[in-house]
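Here is the structure we will look at.
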Amino acid sequence: MDDRPIGVFDSGIGGLTAVKELIRLLPHEDIIYFGDTGRVPYGTRGNETILKYARQDTDFLLSQNVKLVTAACGTASSVLPGSFAEECGVPFTGVIVPAAQAARAPTRTGVIGVIGTPATIKNRAYGKAIRNIDPSVTVIGNPCPLFVPLVENGYTEKDNPVIRMVAEEYLAPFAGTGMDTLILGCTHYPLLKGVIREILGDEVTLVDPGAETARYVANLLTGRRLLSSRHTPGTLRFYVSDSTENFSENAGRFLQRNITEAVERIELG
Ligand code: DGL
């Protein structure tokens, strides 16, 4: 048993897709979330910068005495080295392996699509992880640089014509490829699931890396006997590196609870 909190970070609100599922699966766990809203987006930056930010985010969570670190960010996960868990000194997971495992199972055609930030697609992290599981699978990637700014600014409604136009443009290259499974490879993208589902139809399985990673974390903590010993509801604390207002509003809407009191601004480094 371990009563310390679970640490989760992302560049903004995308990692809340993992938090939402963690709350559902592990309601007695305390969670500390860091959203690097002062430096979002990560995905249009170079690998060195992303790596530096991911290490700082992790150090902040470790300073809060967390028992596990989750990089709930496809971009950070695509640059962190395989040995990162050793650097952390506590269990660590990114989102790539859990999402790759979840995508391999449902594909019938053997063609898996990946959408993500420019950095994630360039680093081919999902493709490598999927081919480690099954080398016969074809992986097709397409970057969607405008999705993160849209989501961070609260644009998620599927009927919004701006979102629809951008999504149609980004999903067009998958037409006629035989793709039957699509990894929403940036944790912000499941917030746009409504419009993506409408464009692709019901035949394509959509993989949510945040939710898959939450399941992975639940299994990991259970397997290593690191769950909390408490039976009362866990607490949630949020830290951001820019104004708390925007975050509280968007995150509160997504988690369907008032989190204003639980959000604090911090300076990193
Ligand atoms: N949620 C992050 C990801 O999964 C967003 C990256 C960004 O800030 O561009 O990639």
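Scope of the values below: all heavy atoms of this structure, side chains included, with no hydrogens, waters or symmetry mates. All values reported here derive from a predicted model rather than from experimental measurement. Ligands are counted one by one from 1 in listed order, and the atoms in each one are counted from 1 as well.
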message: Assigning hydrophobic clusters by single linkage (Ile, Leu, Val, Met, Phe, Trp, Tyr; side-chain heavy-atom cutoff under 4.5 Å), is Leu25 placed with Leu226?
response: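 Yes; Leu226 is reachable from Leu25 via cluster members.
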If you measure every N/O of [X] against every N/O of ligand 1, is any gap under 3.5 Å?
X	value
Thr120	no
Tyr42	yes
Asp10	yes
Gly74	yes

Mark up the atoms of ligand 1 that fall under 4.0 Å of a heavy atom belonging to [X], in ascending order.
X	answer
Thr117	6 (C), 9 (O), 10 (O)
Gly43	7 (C), 8 (O), 9 (O)
Val40	8 (O)

Are a donor atom and an acceptor atom from the side chains of [X] and [Y] found within less than 3.5 Å of each other?
X	Y	result
Arg215	Gln101	no
Ser78	Thr75	no
Tyr42	Asp36	yes

task: Specify whether Phe247 and Phe238 have parallel, tilted or perpendicular ring planes, treating 30° as the upper limit for parallel and 60° as the lower limit for perpendicular.
output: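 Geometry flag for Phe238 against Phe247: tilted rings.
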query: Hey, what's the ring geometry for Phe34 with Phe60, parallel, tilted or perpendicular (30° and 60° as the breaks)?
result: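 Ring orientation of Phe34 relative to Phe60: tilted.
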Check each heavy atom of [X] against ligand 1 and say whether those closer than 4.0 Å belong to the side chain, the backbone, both or neither.
X	answer
Cys186	both
Thr75	both
Thr187	both

Arg230/Asp30 ion pair, N-O < 4.0 Å: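 Yes, charged N to carboxylate O under 4.0 Å.
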